[in-house]
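Step one of this worksheet: look at the structure below.
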Amino acid sequence: MRRVFLPIAVSVLATTLTLGACSDSDDGGAGGDSGDRPIRIGASPTPHAEILQFVQDELAAEAGLRLDIVEYTDYIQPNVALSEGDLDANYFQHLPYYEVQVAERGYDFGHFPGIHIEPYAAYSETVDDVADLRDGARVGITNDPSNQARALDLLVGADLITLDDTGEEDPTLLDVADNPKNLEFVETDPEQLPRSLQDFDLAIINGNYALEGGLNPATDSLLIESGEDNPYANFVAVRAEDIDDPRLVRLDELLHSTQVRTFVTTRWPKGEVLPAF
């Protein structure tokens, strides 16, 4: 199978894992006098929760932290839970997705710098090269607008489609200009795409869902994003009022440590997950 590595030009993110705070009392969120209360953080299972578990097992105690990690398998509930105070933080999303959610839902959030990148990639069980896609091929694509733009950009880089100029707005399927192979796009919940790969000639899948589905973006894909200048680094988000909470600041420092960078490159040595720092 020939893989094509493509740079990224469009904006877009993942399932959630939560590291969080559980207390013997029913204290609220991360703000205020938190004492020894664990940080309750929501995260996608892979790789977010794995990275958090490494921090919990290897680094947190020395830093005076405890983590309560809560896993989510969708991209909606981690932000809902954070906004409602059920979480102290979440770790599953990249900036383009975060910005759309904040704008559309009115969340009062803040975030720390990017920690890792999960390259977006396209997979097929029927062809070894996108040039061999049949006329009218079925393409599975996410129904999440920010990640849909990311998927479309991958296809543009492979010369499969062109897009109308949308200015600063993310393109959608409505903005496909030229489609010489008459590709049939099927919008699907992103978490369903790995399970339904056999139903498509090509499916473009978020990195975390690909990994959870047993796909390796670095070795199994036909098209894959480059990590260079990639705007889709995933980060820890918190309520705006908690951005200076010392516990959350310490957690973010641990997530940007040499030890975490080494863990990521050792756990995913082929570039399935890339450090963003």
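Along the sequence shown, residues carry numbers from 1. All figures in this text were calculated on a predicted structure; none of them were measured in a lab.
In this structure, Phe235 has its ring center at least 6.0 angstrom away from the ring center of Phe112. Two rings, from His116 and Tyr91, have their centers less than 6.0 Å apart.
In this structure Asn179 satisfies the side-chain hydrogen bond (donor to acceptor under 3.5 Å, both in side chains) test with no other residue, sequence neighbours excluded. Shown here are the side-chain contact (heavy atoms from CB on, under 4.5 Å) partners of Ala177, two or more places apart in sequence or in another chain: Thr162, Asp164. Checked against side-chain contact (heavy atoms from CB on, under 4.5 Å), Thr265 has the following partners two or more places apart in sequence or in another chain: Pro275.
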Using the rule given for side-chain contact (heavy atoms from CB on, under 4.5 Å), can you reason through Val127 versus Leu222, listing the C-alpha separation, both sets of side-chain angles and the distance that settles it, and then say yes or no? CA-CA 9 Å; Val127 298; Leu222 276 64; 3.8 Å; yes
Show your working on side-chain contact (heavy atoms from CB on, under 4.5 Å) between Leu254 and Asp252 and close with a plain yes or no. CA-CA 5 Å; Leu254 295 181; Asp252 187 66; over 6 Å; no
Walk me through whether Asn234 and Ile117 qualify under side-chain contact (heavy atoms from CB on, under 4.5 Å). CA-CA 6 Å; Asn234 286 210; Ile117 298 162; over 6 Å; no
side-chain contact (heavy atoms from CB on, under 4.5 Å) evaluation trace for Val238 with His111: CA-CA 6 Å; Val238 300; His111 69 85; over 6 Å; no
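Looking at Ile224, Leu215, Ile204 one by one, the single match for side-chain contact (heavy atoms from CB on, under 4.5 Å) with Tyr123 turns out to be Leu215. Among Leu65, Asp245, Leu255, the one residue that satisfies the side-chain contact (heavy atoms from CB on, under 4.5 Å) test with Arg250 is Leu65. A salt bridge (charged side-chain N to carboxylate O under 4.0 Å, His left out) with Asp201 is found for exactly one of Arg138, Arg134, Lys181, namely Arg134.
With Thr172 contributing its side chain and Leu174 its backbone, the two residues share a donor-acceptor pair below 3.5 Å. The backbone N or O of Val260 sits less than 3.5 Å from a side-chain atom of Ser257, completing a donor-acceptor pair. Side chain of Asn208 to backbone of Leu211: no donor-acceptor contact under 3.5 angstrom is found. With hydrogens and angles disregarded, no donor-acceptor distance shorter than 3.5 Å links the side chain of Thr266 to the backbone of Phe263. Side-chain N or O atoms of Asp153 include none that pairs as donor or acceptor with a backbone N or O of Ala149 at under 3.5 Å. A side-chain donor-acceptor contact under 3.5 Å links Asn90 to the backbone of Pro78.
Closest of all the heavy-atom pairs between Gln93 and Ala237 is NE2-CB, 3.6 Å. Among all heavy-atom pairs drawn from Gly213 and Pro194, the shortest one is CA-CB, 4.3 Å. Here the shortest heavy-atom pairing between Asp135 and Pro180 reads OD1-O, 4.0 Å. Here the closest heavy-atom approach between residue Ala122 and residue Leu154 is recorded as N-CD2, 3.9 Å. A pairwise comparison of heavy atoms in Gly214 and Asp220 identifies O-OD2, 4.1 Å as the closest pair. Nearest heavy-atom pair across Pro171 and Leu152 is O-CD1, 3.9 Å.
Electrostatic pairing of Asp88 and Arg37 counts as a salt bridge here, judged by a charged N lying under 4.0 Å from a carboxylate O. Salt bridge status for Arg267 with Glu272: absent, with no side-chain N to carboxylate O gap under 4.0 Å. For the pair Arg239 and Asp242, the salt-bridge criterion is met [side-chain N within less than 4.0 Å of a carboxylate O].
Hydrophobic clustering (side-chain heavy atoms under 4.5 Å, transitive across Ile, Leu, Val, Met, Phe, Trp, Tyr) keeps Ile76 apart from Val100.
For Glu169, the CD atom sits in a loose shell: 12 or fewer heavy atoms of surrounding residues, nucleotides or ligands are nearer than 6.0 Å. Gln198 CD: more than 12 foreign heavy atoms inside a 6.0 Å radius.
Using modelled atom types and a 3.5 Å distance limit, the side chains of Asp144 and Gln148 yield no donor-acceptor pair. Residues His48 and Glu118 have side chains that bring a donor and an acceptor to within less than 3.5 angstrom of each other.
Using a 4.5 Å heavy-atom cutoff, the side chains of Leu67 and Pro38 are not in contact.
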